[in-house]
2 protein chains.
Amino acid sequence: MTQTQTRPTAREKLLAAAVQLVREKGYDATSVDSLCENAGVTKGAFFHHFKSKDELAIAATQFWTENAAQLFAKAEYNKFEDPLDQLIGYVDFRLQLVHGSTLPECTCLLGTMVQEKFETSPAIRDACYEGIHFHAAEVGKMIAAAKALHAPHASWNVENLGLYTQAVIQGAFVLAKAKNDVTLAADMILHLRRYIELLFHHAKED
Amino acid sequence: MTQTQTRPTAREKLLAAAVQLVREKGYDATSVDSLCENAGVTKGAFFHHFKSKDELAIAATQFWTENAAQLFAKAEYNKFEDPLDQLIGYVDFRLQLVHGSTLPECTCLLGTMVQEKFETSPAIRDACYEGIHFHAAEVGKMIAAAKALHAPHASWNVENLGLYTQAVIQGAFVLAKAKNDVTLAADMILHLRRYIELLFHHAKED
DNA sequence: GACAACATACCAACTGGTTGGTAATGCTAA
DNA sequence: TTAGCATTACCAACCAGTTGGTATGTTGTC
């Protein structure tokens with residue numbers, strides 16, 4: 001799985017092309033030919049590295065998830081001591097990612113692909129869920145720690161709230177795409193932050 | 001626009017087929033041929049009623065939006081006197097719609113299509129936004145009335161909250177599709193209800 | 001010279017869309 | 001009322017282009 005190679009091989013170029021093109025045009029509308037062209041690679045190379053287009057899609061979800069994990073691991077908010085500060089910092093970081101980039105750049109590959117393929121390709125669907133769930137679980141760690149510290153008796157479920165952060169972000173992307181306006185995504189994520197603040201603020205008062 | 005005909009014409013059968021198939025397989029993966037087959041109509045009929053596949057898509061968004069408007073207009077929650085009860089009732093009604101139906105049945109045509117076509121077809125993108133915005137504005141009316149009555153001095157924006165309800169619902173569908181589990185969507189919508197309650201509960205205390 | 005990493009040329013199946021035609025319906029004027 | 005005509009609604013066959021995928025050839029490296 002974890003293939004560490006120094007030179008940018010055709011495989012990696014194809015994965016990068018997939019991440020870009022699928023977010024722009026969707027999965028079905030992204031042809032193998034356009035993938036190859038974008039990666040500067042021939043069709044022979046494509047089918048040398050991937051048995052099928054669907055196999056590339058699954059590899060791309062792993063590629064995407066690993067890249068995302070690195071991005072968030074390096075972010076500033078991890079340095080905060082209080083897990084609640086980390087959690088709010090995470091949301092602010094997501095706001096930051098949205099600002100100053102175009103829609104295809106900042107939206108999520110997994111959310112885009114799973115909308116298209118959840119019925120027709122269980123393998124792709126599961127691969128997408130794995131990536132989303134992995135990231136939600138990372139957020140869930142912060143939530144669990146913050147809850148233990150600030151709201152140990154609150155009734156809401158930790159795992160669900162982690163998934164909810166991702167649901168809001170995915171939904172924010174859908175609406176932002178519809179309006180063709182990234183700032184709408186930011187507006188939605190601000191509501192998420194207020195929700196988290198209310199959840200903990202409310203708990204503190206108990 | 002509003003074509004009132006007694007018999008189910010080929011046009012209406014094609015629109016119904018589009019609503020079903022696009023939610024199942026996505027827009028690109030839904031071929032004109034499969035649309036015709038599902039509607040029990042020939043290809044000639046298709047291109048008699050619609051200049052192109054994209055034109056059908058746009059007509060389908062209007063068809064969808066009108067149907068949805070009727071569904072929600074008939075719902076019980078409209079009878080409540082207090083607009084806040086209406087608003088919570090609306091969220092509960094959405095929960096009800098999710099329960100006891102399969103994913104392709106309960107998910108949103110507009111959110112599904114716009115994810116795929118927002119970059120490649122501005123016309124479809126705008127048509128989807130119009131439908132979403134229309135529905136969000138309906139919810140916004142309840143929010144505005146509830147705010148005027150229960151939280152006139154609260155800082156949050158009415159229009160944004162209306163859109164936020166839709167963002168959560170769209171995101172809930174994305175995650176539910178990924179997990180292949182409708183109940184996950186319900187879990188997410190429950191968070192939305194708690195947020196609204198906190199927003200108004202918090203305001204009342206001021 | 002063996003093997004991975006590519007490139008080239010190609011294919012059958014399917015794509016959205018067009019064709020020329022026909023059956024049914026509505027409109028109009030005598 | 002109805003003959004005459006125009007329009008709408010629909011059909012089956014077909015088209016050129018594109019699709020994912022393959023078969024075979026070439027190259028560089030150990």
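Labels below follow one simple rule: chain letters A, B, ... track the order of the sequence lines, proteins then strands, and each chain is numbered from 1.
- In this structure, A:E12 places its CD atom 12 Å from P of C:dA5, rounding to the nearest Å.
- For the salt bridge (charged side-chain N to carboxylate O under 4.0 Å, His left out) condition, the pairs that include at least one residue of residues 18-29 of chain B, sequence neighbours left out, are B:D28-B:K117.
- Separating the OG1 atom in B:T65 from the CD atom in B:Q70 is a distance of 11.5 Å, to the nearest 0.5 Å.
- Atom CG in B:L35 sits about 13 Å away from atom C1' in C:dT15, given to the nearest Å.
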Produce the list of close N/O pairs, under 3.5 Å, pairing protein atoms with atoms of nucleotides 25-30 of chain D; give distances to one decimal.
none

Please write out the pairs of protein N or O atoms and N or O atoms of nucleotides 17-21 of chain C separated by less than 3.5 Å, giving the distance to one decimal.
unit_1	atom_1	unit_2	atom_2	d
C:dG17	OP2	B:K53	N	2.9
C:dG17	N7	B:K43	NZ	3.3
C:dG17	O6	B:K43	NZ	2.7

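- Within 4.0 Å of B:T30, counting heavy atoms only, lie sugar-phosphate atoms of the nucleic acid but no base atom.
- A distance-only check finds a donor-acceptor pair linking the side chain of B:T107 to the backbone of B:L103 [under 3.5 Å].
- Here the closest non-hydrogen pair linking A:A69 and A:F134 is CB-CE2, 4.1 Å.
- Backbone-only contact: B:S31 has heavy atoms under 4.0 Å from sugar-phosphate atoms and none from a base.
- Residue pairs meeting the salt bridge (charged side-chain N to carboxylate O under 4.0 Å, His left out) criterion with at least one member in residues 95-106 of chain B: none, sequence neighbours excluded.
- Here the P atom of nucleotide C:dA4 and the CZ atom of A:R11 are 16 Å apart, to the nearest Å.
- Remark: nothing in residues 110-128 of chain A comes within less than 4.0 Å of DNA chain D through any heavy atom.
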Close N or O pairs between protein and nucleotides 5-7 of chain D (under 3.5 Å):
none

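- Under the salt bridge (Lys or Arg N to Asp or Glu O under 4.0 Å) criterion, B:K79 pairs with B:E76, not counting sequence neighbours.
- Legend: residues meeting side chain to side chain contact (heavy atoms under 4.5 Å, CB included) with B:D54, ordered by chain and number and at least two apart, are B:Y27, B:S52, B:S121, B:I124.
- Close to D:dT18, at under 4.0 Å from its OP1 or OP2, lies no side-chain N or O of A:S34.
- A:Y164 and A:Y195 have perpendicular rings, their planes meeting at more than 60° on a 0 to 90° scale where under 30° would count as parallel.
- Residue pairs meeting the side-chain hydrogen bond (donor to acceptor under 3.5 Å, both in side chains) criterion with at least one member in residues 35-48 of chain B, sequence neighbours excluded, are B:D33-B:K43.
- When rounded to the nearest whole Å, the span between NE2 of B:H49 and C1' of D:dC11 equals 12 Å.
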If you apply the rule side-chain hydrogen bond (donor to acceptor under 3.5 Å, both in side chains), what do you find for B:R94 with B:Y90, and how did you get there?
CA-CA 6 Å; B:R94 300 240 38 169; B:Y90 164 77; 3.2 Å; yes
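- At whole-Å resolution of the value, NE2 in B:H48 and P in C:dA23 are 17 Å apart.
- In this structure, the ring pair (Phe, Tyr, Trp, His ring centres under 6.0 Å) partners of B:F93, at least two apart in sequence or on a different chain, are B:F72, B:Y77.
- Judged as a salt bridge (Lys or Arg N to Asp or Glu O under 4.0 Å), and not counting sequence neighbours, the contacts of B:E138 are B:K141.
- Evaluation of the salt bridge (charged side-chain N to carboxylate O under 4.0 Å, His left out) test over residues 161-190 of chain B, restricted to residues two or more places apart or in two chains, returns B:K179-B:D181.
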